[in-house]
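This is a predicted model, so every value here is computed, not measured.
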Amino acid sequence: MNQQLAGFAPTPVAARMENHGHSMVKVAMQSGYDLYARTGSMVAYEGFVQYEPNPPAVRQIAGQWITGEGTPLMKCTGDGLLYLADYGADVVAIDLGGDSLSVNGTNLLAFDAQLDWGVERVKGLAKFAGQGLWNVRVGGQGWVALTSRGTPIVVDCGRGEDETYVDPDALIAWSPHLKVKGKRSFKASSMIGRGSGEAYQMAFSGEGIVVVQPSEDSTDRLRVRG
């Protein structure tokens, strides 16, 4: 039996964050290098790891996000290996390496506590169904883990002068220095099925990336998971 299960055993630690399969991230915890993670996302850990739900630093920075459309965070400290997941969603671990991302709060699974971060209002998006008004901007030297309903695609917006258009319900994250604007169009096909005939997109231009998931389920994005 052990031989049959060998393929599912954890691999040796190679980075601060790394995937174990598609739907789990393994975090190498170390004293002095704390982690913020979605409350309730811990599925297993080895060693000595402690958890503080909704710590003062998070309440101070992200009060509007937590009490509004976001999901609370917990502070993870200690030494060992921590495994995080979110209802079987795909997980993507990213080493920012000095760059920054603007992340939809419902897709933020975990990030290094030493990163520069804050909650910002996404301007001009109140009319977009399913798209939260608050995003979390993270940047600096460290790691961040995002969730996606299915394998996401990363679109490089710096390859030409054309704009990149994204359904707001499918949007996970983007480079914060990209220019963003809303666009309304009419889809004849929606007259046959559900909807009012109007379609909304977000248009990105400039140099940077946009992370998109293969899902347009706005009801799931608004569901608080804890």
Side-chain angles (χ1 to χ4, degrees), residues 10-11 13-97 99-120 132 134-150 152 171-173 211 213 220-226:
T11 57
V13 176
R16 163 69 165 177
M17 284 188 187
E18 53 189 326
N19 278 85
H20 181 74
H22 296 289
S23 303
M24 191 179 302
V25 65
K26 177 175 66 176
V27 185
M29 297 295 297
Q30 183 180 355
S31 296
Y33 293 91
D34 300 337
L35 182 81
Y36 289 126
R38 179 188 299 273
T39 300
S41 62
M42 185 277 291
V43 294
Y45 70 92
E46 303 175 30
F48 181 76
V49 182
Q50 293 182 306
Y51 309 93
E52 181 184 359
N54 198 15
V58 172
R59 292 198 301 268
Q60 181 179 0
I61 296 176
Q64 293 170 308
W65 174 50
I66 290 175
T67 58
E69 302 173 18
T71 301
L73 297 173
M74 61 182 178
K75 184 178 182 180
C76 309
T77 60
D79 292 276
L81 294 177
L82 174 62
Y83 297 88
L84 304 173
D86 184 28
Y87 290 87
D90 281 22
V91 179
V92 181
I94 302 173
D95 182 3
L96 292 178
D99 291 332
S100 58
L101 279 177
S102 183
V103 185
N104 187 296
T106 58
N107 296 100
L108 184 63
L109 180 62
F111 59 96
D112 282 331
Q114 76 269 15
L115 288 171
D116 295 325
W117 71 285
V119 178
E120 59 185 9
W134 301 96
N135 260 30
V136 182
R137 180 168 177 166
V138 291
Q141 298 292 336
W143 289 77
V144 60
L146 311 179
T147 61
S148 172
R149 287 179 56 87
L171 181 62
I172 294 177
V211 185
Q213 65 182 353
D220 180 78
R221 293 170 63 81
L222 293 178
R223 179 165 64 93
V224 174
R225 303 169 175 178

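Taken from CG in L109 to OG1 in T147, the straight-line distance is 6.5 Å, to the nearest 0.5 Å. To the nearest 0.5 Å, the span separating CD on Q114 from CD on Q141 amounts to 9.5 Å. Residue Y87 holds its OH atom at 10.5 Å from OG of S41, rounded to the nearest 0.5 Å. Considering CG of L146 and CZ of F111, their distance stands at 11.5 Å, rounded to 0.5 Å. Atom NE2 of H20 and atom CG of L81 lie 11.5 Å apart (nearest 0.5 Å). Rounding to the nearest 0.5 angstrom, the gap separating the CD atom in E46 from the CE atom in M29 is 13.0 Å.
Of all heavy-atom pairs spanning S23 and A85, the tightest one is O-CB, 3.3 Å. Pairing each heavy atom of W117 with each of Y36, the nearest pair is NE1-CE1, 3.9 Å. In terms of heavy-atom proximity, V92 sits nearest to P152 at CG2-CG, 3.7 Å. Among all heavy-atom pairs drawn from G105 and V136, the shortest one is CA-CG2, 4.4 Å. In terms of heavy atoms, E52 sits closest to P55 at O-CD, 3.5 Å.
Under a cut-off of 6.0 angstrom, the local environment of OH in Y33 is sparse, with at most 12 non-hydrogen atoms contributed by other residues, nucleotides or ligands.
Under the salt bridge (charged side-chain N to carboxylate O under 4.0 Å, His left out) criterion, D90 pairs with no residue, sequence neighbours left out.
Formation of a donor-acceptor pair under 3.5 Å by the R16 side chain with backbone atoms of A28 is found in this model. Of the possible polar contacts, one joining the R38 side chain to the L108 backbone as a donor-acceptor pair under 3.5 Å is found. Between the side chain of N19 and the main chain of V91, a donor-acceptor pair closer than 3.5 Å is present. The closest donor-acceptor contact from the side chain of T39 to the backbone of P72 lies under 3.5 Å.
Here the options are D95, L115, L96, the test is side chain to side chain contact (heavy atoms under 4.5 Å, CB included), and the partner is W143; only D95 passes. For the side chain to side chain contact (heavy atoms under 4.5 Å, CB included) criterion with V27, the lone passing option out of V49, V13, D112, L35 is L35.
At least one side-chain heavy atom of N104 sits under 4.5 Å from a side-chain heavy atom of N135.
Side chains of D79 and S31: a donor on one and an acceptor on the other come within 3.5 Å.
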